[in-house]
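Throughout, protein chains are lettered first and strands after them, A, B, ... in sequence-line order, and every chain is numbered starting at 1. None of these values were measured; they are calculated from a predicted model.
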Number of protein chains: 2
Amino acid sequence: MIVPMAKIPFKEQMRRVREDAIVASVNRLLAEKGFDAMTVDEVAADVGIAKASLYKHFESKEELAAAAMVRVLEQALEFMAALEAGPVEGPLARLKAVTRWTMQVQLAGEMPSLPAQNSALRNALAAHRVYLDRLMEVSEKLGAWIDAAQKTGQLNAALPPELVLYTLFARACDPVLGVLNATGQYSDKQIIELLLITCFKGLGER
Amino acid sequence: MIVPMAKIPFKEQMRRVREDAIVASVNRLLAEKGFDAMTVDEVAADVGIAKASLYKHFESKEELAAAAMVRVLEQALEFMAALEAGPVEGPLARLKAVTRWTMQVQLAGEMPSLPAQNSALRNALAAHRVYLDRLMEVSEKLGAWIDAAQKTGQLNAALPPELVLYTLFARACDPVLGVLNATGQYSDKQIIELLLITCFKGLGER
DNA sequence: GTCTATAGCCAGATAGAC
DNA sequence: GTCTATCTGGCTATAGAC
């Protein structure tokens with residue numbers, strides 16, 4: 001269904017472009033250095049505007065990080081929607097495709113990493129409606145695929161579905177990928193295939 | 001072989017006890033909050049001495065973290081030596097036993113977590129002789145077990161041994177454990193057995 | 001809304017008396 | 001070696017001119 005576009009004022013368009021540029025910078029810096037090591041000054045310098053201008057768009061450093069997280073979650077939703085519309089059939093194949101996608105994002109240096117324990121940030125995220133909403137959407141879609149894959153016996157049905165979900169999220173920012181990449185011994189493709197094996201088949205021999 | 005103990009001066013003994021207490025506190029705080037969120041003031045308060053006194057023992061916050069890492073690596077070496085002397089036979093069984101041990105340490109809130117990206121800390125560790133030495137010892141012992149397990153077909157021989165090694169290190173501080181524990185739905189024993197499955201058998205069905 | 005300049009704070013590290 | 005008190009730098013956030 002095609003929805004007629006509402007006319008968007010010019011100023012509003014400018015604002016969006018600016019904010020997109022900001023969030024893209026934040027995303028890259030978060031991926032590179034992590035939340036704590038990233039400074040708002042760096043973000044401003046990277047975008048090419050003054051720090052005070054940043055604060056006209058986002059009211060805190062935490063808001064910046066949340067915006068970056070929302071962005072990557074929406075990209076994930078977009079990818080997952082494309083998967084459902086496309087030729088990739090079966091829940092397991094789709095779960096693997098998403099996992100592969102998260103690894104590609106990591107390799108591209110575009111997976112924001114939020115230290116799991118930072119309390120100021122966690123509190124901000126736990127109160128951030130949009131972030132929670134997107135996170136829920138992704139979780140529900142993945143959850144449906146996990147359910148289906150367990151019912152058809154493609155995934156180990158003895159594992160609690162939440163465990164599978166948490167594991168997939170964890171693999172999306174698994175440090176092993178970075179370490180493996182740093183050795184310089186493997187191509188991106190090899191790294192992804194190796195990590196897919198350890199994730200879905202484990203380290204053991206069958 | 002029993003080595004005759006050199007006589008240790010009383011003052012030296014006092015110093016060691018103090019430093020052990022300091023490192024134990026650091027270890028716990030690192031596990032609880034991570035390196036960035038941990039403050040030297042907190043450490044001093046937790047130990048019950050003044051901050052300036054801390055700096056008579058360790059010359060920087062990074063040195064504190066390094067000492068905690070050395071401590072846990074030495075505990076690992078001790079555990080691994082006991083494994084080799086004990087009833088646990090076979091390289092795979094030993095690898096699983098070590099993995100189980102690291103998860104118990106995590107559950108006990110005693111696995112120091114060093115954000116993978118902090119550059120000041122990483123530089124300090126990369127130049128820390130004792131830390132690197134212990135890390136190498138652990139890696140070599142694990143590497144030998146991995147080799148053996150791959151030769152006997154207990155571990156997937158198609159995986160590069162380094163990948164297996166990095167994966168085991170990563171699982172020693174896997175956030176999935178904490179998340180699973182936070183749900184309150186599983187006992188420690190269940191959590192450990194579930195994570196051992198995902199690590200060695202993967203998410204898929206065989 | 002953009003900028004320069006600065007406030008305010010916090011944490012790592014140190015001075016200096018005992 | 002331990003303490004109290006302080007220095008110092010860097011970071012988030014804001015004031016105020018334009």
Enumerate the residue pairs fulfilling side chain to side chain donor-acceptor pair (under 3.5 Å) with a member in residues 66-76 of chain A, sequence neighbours excluded, ordered by first and then second residue.
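Matches after skipping sequence neighbours: A:Glu74-A:Arg134.
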Side chain of [X], heavy atoms from C-beta onward: which of [options] has the nearest atom to it?
| X | options | result |
| --- | --- | --- |
| B:Tyr55 | C:dT14, D:dT14, D:dC3 | C:dT14 |
| A:His57 | C:dA13, C:dT2, C:dG1 | C:dT2 |
| B:Ala52 | D:dT14, D:dC3, C:dT2 | D:dC3 |
| B:Arg18 | D:dT4, D:dT2, D:dA13 | D:dT2 |
| A:Lys61 | C:dA13, C:dT4, D:dT12 | D:dT12 |

Under 4.0 Å between a side-chain N/O of A:Ser53 and OP1 or OP2 of C:dC3, yes or no?
yes
How long is the line joining [atom1] of [X] and [atom2] of [N], in whole Å?
| X | N | atom1 | atom2 | result |
| --- | --- | --- | --- | --- |
| B:Glu62 | C:dA11 | CD | C1' | 12 Å |
| B:Glu63 | C:dA13 | CD | C1' | 14 Å |
| B:Phe58 | C:dT14 | CZ | P | 16 Å |
| A:Glu59 | D:dA13 | CD | C1' | 11 Å |
| A:Arg15 | C:dG1 | CZ | C1' | 12 Å |
| A:Lys51 | D:dT14 | NZ | P | 11 Å |

Distance-only, no hydrogens or angles: does the B:Glu62 side chain make a donor-acceptor pair with backbone N or O of B:Asn123 under 3.5 Å?
no
Does A:Glu12 pair with A:Arg16 as a salt bridge, N-O distance under 4.0 Å?
yes
Test side chain to side chain donor-acceptor pair (under 3.5 Å) on B:Glu162 and A:Thr183; report intermediate values, then the result.
CA-CA 10 Å; B:Glu162 335 148 49; A:Thr183 68; 4.7 Å; no
Evaluate the side-chain proximity of B:Arg18 to B:Ile49: yes if any heavy-atom separation is below 4.5 Å, no if none is.
yes
DNA chain D contacts made by residues 22-44 of chain A, counting heavy atoms under 4.0 Å:
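The stretch gives A:Met38, A:Thr39, A:Val40, A:Asp41 as the residues lying under 4.0 Å from the strand, ordered by number.
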Which is true for B:Lys56 with a 4.0 Å heavy-atom rule: it touches a base, it touches only sugar-phosphate, or it touches nothing?
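Base, at least one base atom sits under 4.0 Å.
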Which one of B:Asp188, B:Val98, B:Asp174, B:Leu177 satisfies the side-chain contact (heavy atoms from CB on, under 4.5 Å) criterion with B:Met103?
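Exactly one pass, corresponding to B:Leu177.
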When rounded to the nearest 0.5 angstrom, what is the spacing between CD1 in B:Ile22 and NE2 in B:His57?
4.5 Å
